[in-house]
Every structure is written in structure tokens, then in C-alpha cells.
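We count ligands from 1, going down the list as the structure has it; atoms in each ligand are counted the same way. Nothing fancy with the numbering, it's 1 onward along the sequence.
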Amino acid sequence: MGIKFADVIVDCQSGDTGKGKIANELARSGFYDIVLRYNGGSNAGHTVYHNGKKIVTHQVPVGVLHGVIGVIGPGCVVNLRKLEEEIKELNQAGVNTHNLIWIDKRAHVVFDYHVELDGADERIGTTKQGIGPAYVSKYGRTGVRMEDLEYEWDAKSLPYKIIDIYELLHEDLNEYRILCEGAQGFNLDIDWGDYPFVTSSHCTVGSVCLNGIPPRAIRQVFGVIKAYETYVGNNLSFTDQNDETFKRIQQVGNEFGATTGRPRMVNWININKVLQAININGVTKLFVNKGDVLRDVGTYKIRYDDAIIEYPEYELFKKALTNIFTRNRKELLYIQWSESPEKI
Ligand code: IMP
């Protein structure tokens, strides 16, 4: 009871692959009753186009734009001040959020001191949103959860509701169709990413189960990648930043952070890493975004088994990638190339 099924969106690279667009389109289509955010916090930045306007959400699950309930799950950390600002901005942009933003009572709270501590980070190149320190408090068992704050509030005056996600998912008589919206990506996962240049949460499908969704409820796993790769942070071995083609891709693809405005470093798609992400997440459908950017730049390369392979034409590049990704991967049934910032 409570769950009809859950579909999951996971990023199979280093974040910024266009998950927000996919989540937005799926939620808009009326396929889901709930969009659940299962990891991270205000470090995320999901850019979507809504009624012709560009909107960036950080903590609010994207379905709220379409009247779909957004739940911030126990795997997330929440900065309440920033959440309230974000809700206000959405309201000013004409989005009705009334009764639509729910936070599980187990989610941990990000305080100003977490943000201050993170502000001193020079090692990882974080988004300085206090995420690492907040998860340190959580796992050090000194954190404060939403339920610990609740008694201070007049619940009616809050622009969000505190819930018990167990009751929602397992005791509610309704059967909800749930879309789980991931943040960050495989290479930033605390276990599977390029440690220590990672975030402090789990960015793989396993994280969904940690939020109260049993494995058997998961129906589809939508993997999202870009036709090339970007990364923001201090792992300077990621790429050659003086490469002129990468600079062009950065400009044409508008590769600047949605949360921090930092330029994103660019490299060719790392096939071996994407295959790992497909396998570990059990991806059933793969969305490939921003092929149009490579097409506009006119250079098509991949990194595969320590070699760089170049294709003379976009169509050949697409065909090669599709072959590589589907070969021997029985679960991966479908690949969709998306060549517009606004549509799937
Ligand atoms: P943190 O999550 O702010 O601690 O940052 C850790 C690493 O993850 C840094 O390299 C960030 O740039 C990166 N990161 C965090 N959130 C995002 C995101 O939403 N997109 C891309 N990179 C991110």
C-alpha cells in the first residue's frame, strides 16, 4: 500500500546532465503523483523551462511546477532558509506551491555553521552549501533532524509540511506513482565516484531504497548523460582546460554551474565510467542530452579503454554510442537522444 511503483532518474556522469529537464517533462505528462528527492541538498541546481521561463530549482522537487507533490526524503539535507527563499521565488514566478512541498521528519537540517565550515573548503571545490559538514553531523550522530525542530513551529505558517515518509509509502491507502529525482551523479557518489572529489551523499539507485522505497517497487531506471562530459571542482586532472574545442563546447553548451556560476570543465564522454554507472544503477532507459552541442561544434570523440576515438559525423557517433551502450546489457532497452534544452 502507498506505492504503486517507483521510477528513478539517475545521473550517469558528474552531474549537470539535464536530469531536471527529464524530471520536468515526465512530471508534466501526468505520469506521477509524487516526485521524491532522495539525496543531496541545495548543492543541486536543476534547470528547467516552464511556460517559456528559465527556472532553477535547488531543493524543491521539480514536479511541484506541475502541481505534483514534491517530497524531500530522509536521505537529503535541508537548508530551511534557502528552501523558503526558493519557494518564494517560485511563487513570484507564478508557481503555486501550496500544500505541495513535504519534508520527511528524518531529513537532516543544514545550519549556518555547516555553510561557514564548507566556505573554508579549498580541497574539493565544493558548492559551499554546507553539504559535507551537514552529512558529517549526520553520520557523527550529532545532527539535527526536521522532527527535532518541529515543536517550535506553528505548522500552518510554514510553506512546507513535515511528514513521516513511512506512513506515506507504506500505510497510506492511496497507491502513488512515484518519480525519484536524483541529484549530482555517479562520478560524484561518495562510494563510486572519484573519491575524494565527490559529494557526501549516495547518487546511485541504492539511495532510493534508503529513502523507504523497497527494491521491488522500482520499475524503470532512467539514466541521464550528456554526449560529452563536464565536471566542476578541484580535480584538475579531469581535463586539459586549454583545449580550444573544449572551450567551444563550454560556450556553446552554456556550461556554467546552476548553483555557483562556476565554469564547468569539459572532456569527451568517458565510456567506461558510463558503462559502470549503467550496470550499477540497472539503467533501463538512457537519455543522452546535448548531442546538439557537439553537432554545432562539429567534433565527435569518445574516451574508451584509455583511447580517444573520433567519428567523422554526428550520425556515426550516435550509432557507435548506441551500439556500445546496448551491447550485452539486457536491461537497457531504450536510448533516447535529446537535442533541445526544453524537450526530451
Ligand atoms: P558539494 O556537494 O557541495 O560538497 O561538492 C562536492 C563536489 O560535487 C564538487 O566538485 C561540486 O562541484 C560537485 N557538485 C555538487 N553538486 C553538484 C551539482 O548539482 N552538479 C554538479 N556538480 C556538483
Evaluate Thr199 for polar contact with ligand 1, using N/O atom pairs at a separation under 3.5 Å. yes

Ligand-residue contact atoms, ligand 1 with Arg262, heavy atoms, under 4.0 Å: 11 (C), 12 (O)

Which residue and non-hydrogen atom of the protein lie closest to atom 10 (O) of ligand 1, and at what distance in Å? Val232 O, 2.7 Å

Is the backbone N or O of Cys203 less than 3.5 Å from a side-chain atom of Ser207, with the two atoms forming a donor-acceptor pair by type? no

In this structure, does ligand 1 have an atom that sits under 4.0 Å from one of the heavy atoms of Gln184? yes

Kindly say whether the aromatic ring centers of Phe287 and Trp337 come within a distance under 6.0 Å. no

Structural part of Ala258 in contact with ligand 1, heavy atom criterion under 4.0 angstrom: neither

Tell me which protein heavy atom sits closest to atom 5 (O) of ligand 1, plus the residue, atom name and distance to 0.1 Å. Thr126 CA, 3.4 Å

Pick from Gly125, Gly233, Ala183, Ala44: the one approaching atom 9 (C) of ligand 1 most closely through a non-hydrogen atom: Gly125

Determine whether the side chain, the backbone, both or neither of Thr260 has a heavy atom under 4.0 Å from any heavy atom of ligand 1. neither

Answer side chain, backbone, both or neither: which part of Asn43 comes under 4.0 Å from ligand 1, heavy atoms only. both

Is it true that a side-chain atom of His114 and a backbone atom of Phe111 form a donor plus acceptor pair closer than 3.5 Å? yes

Considering only non-hydrogen protein atoms, determine which one is nearest to atom 22 (N) of ligand 1 and report residue, atom name and distance to 0.1 Å. Leu188 CD1, 3.5 Å

Salt-bridge test for Lys4 and Glu175: reply yes if a basic N is under 4.0 Å from a carboxylate O, no otherwise. no

